[in-house]
Chemist: 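Provided herewith is a single structure, encoded as C-alpha cells, for subsequent inquiry.
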Amino acid sequence: MPATLADPEPALPEESRSDGRRAWFPWLVRLFGAAASGFVLFLSFAPRPLWWVAPLAFAGFGLVLHGRRFWGGFGYGTAFGIGLFLPLLTWIQDFVGPDFGPLPWLALSAVLALYFGLVGGLGSFVQLLPFAPLWLALVAVAAETPRAWFPFGGFPWGRIAFSQPEGAYLSLASIGGAPLVGFAVALSGFGLAWVILRLRARAWRPVVVPALAALLPVVAGLAVWPTIGTGAQDGTRTVAAVQGSAPDTGLGLFVNGADLRSSHLAESERLIADIKAGKVPKPDLVVWPETATAVDGPDPRLDRLVADFGVPALIGASYELPGRHFENALLVWDPKTGQGQRYTKQQLVPFGEYVPARALTELVSPFTRSIDERVPGNGDPAALAVAGTKVGAMICYEVAYDYPGREAVDAGAELLTSPTNNAWYGHSDMTYQHLAMSRLRAVEHSRAVVVAATTGVSEIIQPDGTVTRSTGMFTPASLVESVPLRTTTTVADRLGAWPEYVLAAAAVAGVLAGIARRRKSRRAEQTRTGAAG
C-alpha cells in the first residue's frame, strides 16, 4: 500500500540509529526549523509591515510537524512558540525593570509557548485526516481561545490575527473577527507546506487541494475588501487626541502620576491656544489617554479646562472609590455640567493594575506595594453618550479581547476610542503592537478608532484600518481630525463570538476523529501482526 502524506514518517534504519550524529541531526534541524518559523511569525508583527511573512511561518511550522507523533509535535510546537514570544514580549522587561529581572518575561513567554506546543501535539492526530491543512489551521486558532483565560485571567497578546493590520487577510475581520483572520493566515501557511510536501513526493495530482487551501484565504480576503466602507453614515465628528507625554521612567510613573496630569494639562492648553489662533479646527470632542490624571471627586481644574475647550471631553482617569479602591475609567466631562458618565476598564493588566498573589509577590519585590489595586468595571455603559453621538471604549489592554468593541457597537457606538497609557514600556514595540490591534478592530466593527496615548504613538484610524494621523513617541502633541460616524453592523458584530466557538468546536471534533483514526490503525496493525505470527 503506497504511503500518503498523512502517514507518519518511517523510522530511521538501524544503521542510522546506531550513528549518534545521524540520529541527532534531523532532530536538531527540525528544532531549529520550528524556532526559526516562530521567529518569522514574530517578524510579521508591527512595527514591521511584513504581514505576508505570517503564512510563510506556518508553512515552515507545517513542514516541521509533518509525520511527528504527539510528544515530538509538542516539543517542536513549543520551540515555535518560544521563537515567537521571546522577541515579541521583550517590552515586558521595559515594564518590570530591574526589580523583577528577566524572570517575568521568560516565564510568560514559556507559558504562552506551551499553547503552540499543544498545537504541535494535537496536530499529530489531525494530520491523519483528509484535508490535513484545514484541521491544523483549526487547531492553531482554537488554541488561542484558552489563552484569553490563562495565565492570570488571560493574555491574548500575539494572536495570529494581530500580525495583520494591513494586507489581504485583514478584510476578513469584518466577517469573523480576529478568529477568522487567524484561521485564514494559518490555513494559507499549512496549505503551502502540504504543497511543498506533495511536490517533494512527486504527487502531482493531489497538489490541487493544498494549493487551494493556500490560495483561497487570500482570494477571499481580496474579494471582501470592496465591501469595507469608510464613508460617514450619520455625519462626522472632529476629534482631538491629546498626548501630553511624560518622562521615560517606566514603573516610576506609578509613584509620579502627577507628571502625567501636568503634562496633559499643559498640552491641552497649547491645543486651546492653537484653536483660538485658528491654527487647527475646533474639535467636537477631546480625548485624553488612559489614566492621564487621578480623580477622586470634583475637579475644578478639569472643569475650567473643558470649559475653555467649549466642547465635551473623554478623560482617562484613575478614579478613586470609597475604601481606597480604584478604577481605570474613561469619564465624560461636559463643559457646562462637569463630570458625568464613565466607562470602567473590564480587563485589567496583571502586575500593572492588580497584583496576583500580592502577599507572596511583595516578598519577592517590595516595589509592587506601590501598585494600587484596581477593580474591574461591572455594569458601566458600553457606549458613552457624548458630543451628540455614542462613543465606545477599548481601554488599552482591552483591545486584545474581542468583547469590549463588540459590546460597544451593540450598544450603539458610532465611533470607537482606545485610550492607552504605554508610558511604562519605553521605546519598545509594545505601542505599535497595540496600534495594530486597534487597526484590526476598526475593520472588524467598521468604525473609526481614536487612539490617544500618554507618550505615543497616538493615531486616528479610519474604518478600513488606514492611519490618517499619528504622533511620535515621548513627544507632546495633539491630533485633530474629522472622522466618520458609522451605523453599519458588520457580519462579525452580528455573529458575535460564534465564529470562535465554531472554529474551536471543529478543531475539537478533528482532534477526536484523528485520535479515533490512530487507534483504529493501531488495532488493524496489531491484528495483522497477530495473523502473521
Side-chain angles (χ1 to χ4, degrees), residues 148 156 159 161-162 164-167 169-184 221 224-237 239 241 285 287 314 330 343 345-347 380-387 389-420 434-452 459-468 481-501:
R159 292 168 69 181
F162 297 155
Q164 305 296 305
E166 57 191 42
Y169 302 98
L170 176 60
S171 64
L172 297 175
S174 67
I175 305 297
L180 183 61
V181 175
F183 170 71
V224 172
W225 266 118
T227 70
I228 305 298
T230 59
Q233 296 173 317
D234 191 25
T236 62
R237 291 292 183 274
V239 180
L285 173 66
V287 182
L314 290 174
L330 191 64
Y343 167 80
K345 187 175 184 179
Q346 303 174 73
Q347 204 70 49
D380 290 334
L384 298 167
V386 58
T389 186
K390 285 192 173 182
V391 180
M394 304 171 290
I395 299 180
C396 195
Y397 183 53
E398 290 188 318
V399 78
Y401 290 81
D402 295 336
Y403 71 87
R406 184 187 305 140
E407 288 180 352
V409 171
D410 288 345
E414 299 178 300
L415 168 68
L416 295 175
T417 61
S418 184
T420 178
H434 173 265
L435 292 170
M437 299 182 223
S438 300
R439 294 176 67 184
L440 181 136
R441 299 304 181 195
V443 176
E444 178 182 5
H445 304 297
S446 191
R447 299 291 189 273
V449 178
V450 178
V451 180
E459 287 188 346
I460 306 294
I461 303 170
Q462 299 300 318
D464 63 354
T466 58
V467 177
T468 52
E481 179 89 357
S482 178
V483 295
L485 301 181
R486 291 182 58 81
T487 57
T488 292
T489 302
T490 64
V491 175
D493 286 320
R494 290 194 291 270
L495 292 177
W498 279 106
E500 181 178 19
Y501 297 156

Chemist: NE2 of His434 to CD of Glu398: how many Å apart, nearest 0.5 Å?
Modeler: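 One finds 9.5 Å between NE2 of His434 and CD of Glu398.
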Chemist: Nearest heavy-atom pair of Gly167 and Trp225: which atoms, and what distance?
Modeler: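 Shortest heavy-atom contact: O-NE1, 3.2 Å.
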Chemist: Any side-chain heavy atom of Leu170 sitting closer than 4.5 Å to one from Val181?
Modeler: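 Heavy-atom side-chain distance check fails, nothing below 4.5 Å.
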Chemist: I need the Cys396 SG to Lys345 NZ distance, nearest 0.5 Å.
Modeler: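 One gets 5.0 Å once the value is rounded to the nearest 0.5 Å.
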Chemist: Return the CG to CZ distance between Asp410 and Arg494, rounded to the nearest 0.5 Å.
Modeler: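 Atom-to-atom, Asp410:CG and Arg494:CZ are 11.0 Å apart.
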Chemist: Starting at OG1 of Thr420, measure out to CD of Glu459 and round the result to the nearest 0.5 Å.
Modeler: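 Rounded to the nearest 0.5 Å, the OG1-CD separation comes to 11.5 Å.
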Chemist: Working to the nearest 0.5 angstrom, can you tell me the gap between Thr466 OG1 and Ile228 CD1?
Modeler: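 With rounding to 0.5 Å, OG1 (Thr466) is 11.5 Å from CD1 (Ile228).
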Chemist: Under the salt bridge (charged side-chain N to carboxylate O under 4.0 Å, His left out) rule, collect the residues that match up with Arg447, sequence neighbours excluded.
Modeler: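 Salt bridge (charged side-chain N to carboxylate O under 4.0 Å, His left out) check on Arg447 returns nothing, list empty.
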Chemist: Would you say that Tyr343 contacts Leu314 through its side chain, given a criterion of any heavy-atom pair below 4.5 Å between the two side chains?
Modeler: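 They are not in side-chain contact.
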Chemist: Quick check: closest heavy atoms across Arg439 and Gly465, and the distance to 0.1 Å?
Modeler: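 Smallest interatomic distance, heavy atoms only, reads NE-O, 2.7 Å.
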Chemist: Does some side-chain heavy atom of Thr389 sit less than 4.5 Å from a side-chain heavy atom of Leu415?
Modeler: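 Sidechains of Thr389 and Leu415: no contact.
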Chemist: Of the non-hydrogen atoms in Lys390 and Ala383, which two are nearest, and what is the gap between them?
Modeler: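 Smallest heavy-atom distance, with atoms named: CB-CB, 4.1 Å.
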Chemist: Would you check if the side chain of Ser418 reaches a backbone N or O of Ala393 as a donor-acceptor pair within less than 3.5 Å?
Modeler: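 No: the side chain of Ser418 does not pair with the backbone of Ala393.
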Chemist: Would you say Gln233's side chain and Thr488's backbone share a donor-acceptor pair under 3.5 angstrom?
Modeler: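 Looks like yes, one N/O pair under 3.5 Å.
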Chemist: Does the side chain of Ile460 reach to within under 4.5 Å of the side chain of Val450, using non-hydrogen atoms?
Modeler: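 Yes; the side chains approach each other to less than 4.5 Å.
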Chemist: Answer yes or no: is there a donor N or O on one side and an acceptor on the other, between the side chain of Ser446 and the main chain of Pro463, under 3.5 Å?
Modeler: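 No, Ser446 side chain to Pro463 backbone: no donor-acceptor pair under 3.5 Å.
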Chemist: Search all heavy atoms of Ala492 against all heavy atoms of Gly177 and return the closest pair with its distance.
Modeler: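 Nearest pair, atom of Ala492 first, then Gly177: CB-N, 3.7 Å.
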Chemist: Taking Arg237 for the side chain and Leu485 for the main chain, is one N or O donor matched with an acceptor at less than 3.5 Å?
Modeler: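 Side chain of Arg237 to backbone of Leu485: no pair is present.
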Chemist: Begin from the C-alpha positions of Gln164 and Leu172 and carry the test side chain to side chain contact (heavy atoms under 4.5 Å, CB included) through to its verdict.
Modeler: CA-CA 10 Å; Gln164 305 296 305; Leu172 297 175; over 6 Å; no
Chemist: Identify the heavy atoms of Ala387 and Leu285 that sit nearest to each other, and give their distance.
Modeler: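 Taking Ala387 first and Leu285 second, the nearest heavy atoms are CB-CB, 4.1 Å.
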Chemist: Any non-hydrogen side-chain atom of Val224 less than 4.5 Å from a side-chain atom of Ser174?
Modeler: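 Side-chain contact under 4.5 Å: yes.
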Chemist: Atom CG in Leu384, atom OG1 in Thr417: separation rounded to 0.5 Å?
Modeler: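 It comes to 7.5 Å.
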Chemist: Kindly determine whether Asp402 and Arg441 satisfy side chain to side chain contact (heavy atoms under 4.5 Å, CB included), including the steps that lead there.
Modeler: CA-CA 9 Å; Asp402 295 336; Arg441 299 304 181 195; 2.9 Å; yes
Chemist: Should we say atom CH2 of Trp498 is surrounded by more than 12 heavy atoms from elsewhere, each under 6.0 Å from it?
Modeler: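 12 or below, so no.
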Chemist: Closest heavy-atom contact between Ala178 and Ala161?
Modeler: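 Nearest heavy atoms, Ala178 then Ala161: O-CB, 3.3 Å.
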Chemist: Looking at residues at least two apart in the chain, or sitting in another chain, which of them share a side-chain hydrogen bond (donor to acceptor under 3.5 Å, both in side chains) with Tyr403?
Modeler: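 Here the qualifying residues are Gln347.
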Chemist: List for me each residue that meets side-chain hydrogen bond (donor to acceptor under 3.5 Å, both in side chains) alongside Thr468, sequence neighbours excluded, and say none if there are none.
Modeler: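 Scan of Thr468 (side-chain hydrogen bond (donor to acceptor under 3.5 Å, both in side chains), adjacent residues dropped) gives Gln462, Glu481.
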